[in-house]
Amino acid sequence: MAILITGISELVTCDETLEGADQSQRLGILRDAAVVVGAEFEDSPTTIRWIGPAVSAPEADWSFDLGGQTLLPGFVDSHSHLVYAGDRSAEFAARMTGEGYDGGGIATTVEATRDASDGELRSLLTARIDEMRSQGTTTVEIKSGYGLEVEEEVRHLRLAHEVTEETTFLGGHVVPPEWRHDRAGYVDLVAGEMMDAAAPYARWVDVFCEPNSPHAFTGEEARAILEAGQDAGLGLRVHGNQLGHGPGVQLAVELGAASVDHCTFLSDADVEALSGSDTVATLLPGVEFSTRSPYPDARALIDAGVTVALATDCNPGTCNSSSMPLMIALAVREMGMTPAEAVRAATVVAAQSLRREDIGVVRVGTRADLAVVSAPSYLHIPYRIGVPIVKTLQV
Ligand code: NIG
Ligand code: FE
């Protein structure tokens, strides 16, 4: 069945190769365009079938008039921690009056999550996914990391796998309190038995590489976990350079990670390593907002040739926001990105950080994962801050 979408004031394709489009901001914009979406067979995914000027749109089974709104690829939120129970709002409030963050609060969430049943975790998770979808997000990556024992990590990944293909094993989130006196033993467990049990439910492995936190992992510990993940057939992602300078970024680049996330504290050598690599720097400005940390200089990174994506990091500790439009606004206001760069970072570049070409772009053959902005231009996303003008398109 084919559906024709009309009444599009601005079609932001994020396709730099689209001829005849406005490519001045690398957004591949078409005005007065139409799009046809449909599934080839009843059980195949709905994809983009046709894009072009509205006046030459083909016939379709149904049509849908957006009445002058903006259409763009659905957001790709490439970093989240949605499988958790419990509440840490008091920790946030304490930070706003001067408390620091060192990852110690993660243990509180681990305790609450271990105690929650599958049913409880599933309903919390689906509510969070619904919240994301209602704000334009159509793909989400979800990490484990609040289980930190073999059966719990597998249980959380299994639940995450029910709602997304993009699941990440984060047994190397922190050293849990019961292993505090045997860090090496915990690293061996994560890299060995836990990795083997988790790998069937995960596409990626991640580690919180942060020598500045007593709870997280050193460069050598992180390397052992990441290399074991690679041997198990998983792609690599890294939490790096969040709380201070350290080895995370260079380790990620050296091992060929798809993404290194946070990048709050970078040296010139880190920037140089990133700029010559295929590793995407995924910035998480909601974390700087919610931990009162300095924002990374996205402008300098982009000017140095680094590929920059944006994600929420939605989690109970450092950023409890599911809003990609807010991340775009923060990136523009606080990190020097243009609105166009921020929109690309939240769609096509975020897809690149997941090594996906079928999402994050509106091109014939890609998935019909679309978001609609109730405004004449994408510029309204950061302009109308805090106003819910972006939604996932349900056709
Ligand atoms: O990405 N930095 C490590 N992990 C999360 C925070 C998790 C938490 O505090 O619960 C992050 O910021
Ligand atoms: Fe995170």
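Atoms within each ligand, like the ligands themselves, are counted from 1 in listed order. Model, not experiment: these values are computed from the prediction.
In this structure, His380 and Tyr383 have perpendicular ring planes: the angle between them is above 60°, well past the 30° mark. Ring orientation note: the planes of His262 and His239 are tilted relative to one another, at an angle of 30° to 60°. Ring orientation note: the planes of Tyr84 and Tyr146 are nearly perpendicular, at an angle over 60° on the 30°/60° scale.
Within His79, the N, O or S atom at minimum distance from the Fe ion (ligand 2) carries the name NE2. Checked against the Fe ion (ligand 2), the N, O or S atom of Asp313 at the shortest distance is OD1.
Among protein heavy atoms, atom 12 (O) of ligand 1 sits closest to Thr318 OG1, 2.6 Å. From the protein, the heavy atom lying nearest to atom 11 (C) of ligand 1 is Asp313 OD2, 3.0 Å.
Grouping the Ile, Leu, Val, Met, Phe, Trp and Tyr side chains by contacts below 4.5 angstrom, directly or via other members, places Phe265 apart from Tyr295.
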Inset, instruction - For the pair Arg26 and Glu341, evaluate salt bridge (charged side-chain N to carboxylate O under 4.0 Å, His left out) and give the outcome as yes or no after the intermediate values. - result: CA-CA 8 Å; Arg26 303 177 67 194; Glu341 286 167 341; over 6 Å; no
Inset, instruction - Just do the salt bridge (charged side-chain N to carboxylate O under 4.0 Å, His left out) check on Arg122 and Glu162 with the steps written out, would you? - result: CA-CA 9 Å; Arg122 190 178 283 117; Glu162 291 175 3; 2.8 Å; yes
Legend entry - From CA spacing to verdict: salt bridge (charged side-chain N to carboxylate O under 4.0 Å, His left out), Arg223, Glu220: CA-CA 5 Å; Arg223 176 190 292 277; Glu220 283 319 301; 3.7 Å; yes
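Those atoms of ligand 1 that come under 4.0 Å of a heavy atom in His262, given as number and element, are 1 (O), 11 (C), 12 (O). The contact set between ligand 1 and Tyr101, taken as ligand atoms under 4.0 Å from a residue heavy atom, comprises 6 (C), 7 (C), 8 (C), 9 (O). Taking a cut-off of under 4.0 Å to the non-hydrogen atoms of Ile106, the atoms of ligand 1 that pass are 7 (C), 8 (C), 9 (O), 10 (O). Numbered from 1 in the order shown, with element, the atoms of ligand 1 that lie under 4.0 Å from a heavy atom of His173 read 3 (C), 4 (N), 5 (C), 7 (C). Residue contact check: Gln242 has heavy atoms under 4.0 Å from atoms 2 (N), 3 (C), 12 (O) of ligand 1. The contact set between ligand 1 and Tyr146, taken as ligand atoms under 4.0 Å from a residue heavy atom, comprises 7 (C), 8 (C), 10 (O). Remark: ligand 1 atoms within the under-4.0 Å shell around heavy atoms of His79 are 1 (O).
Within the 4.0 Å heavy-atom cutoff, Asn315 counts among the residues contacting ligand 1.
Put simply, the side chain of Glu10 never gets that close to the backbone of Leu72: no donor and acceptor are under 3.5 Å apart.
Screening Thr108, Asn315, Thr109 for a side-chain hydrogen bond (donor to acceptor under 3.5 Å, both in side chains) involving Arg88 leaves a single residue, Thr109.
Proximity of Tyr84 to ligand 1, defined as any heavy-atom pair under 4.0 Å, is not found for any part of the residue. At a heavy-atom cutoff of 4.0 Å, ligand 1 is contacted by no atom of Glu210, backbone or side chain.
For a distance bound of 2.8 Å, the N, O or S atoms of His81 include one lying that close to the Fe ion (ligand 2).
The number of heavy atoms from other shown groups lying within 6.0 Å of CG (Asp65) is above 12.
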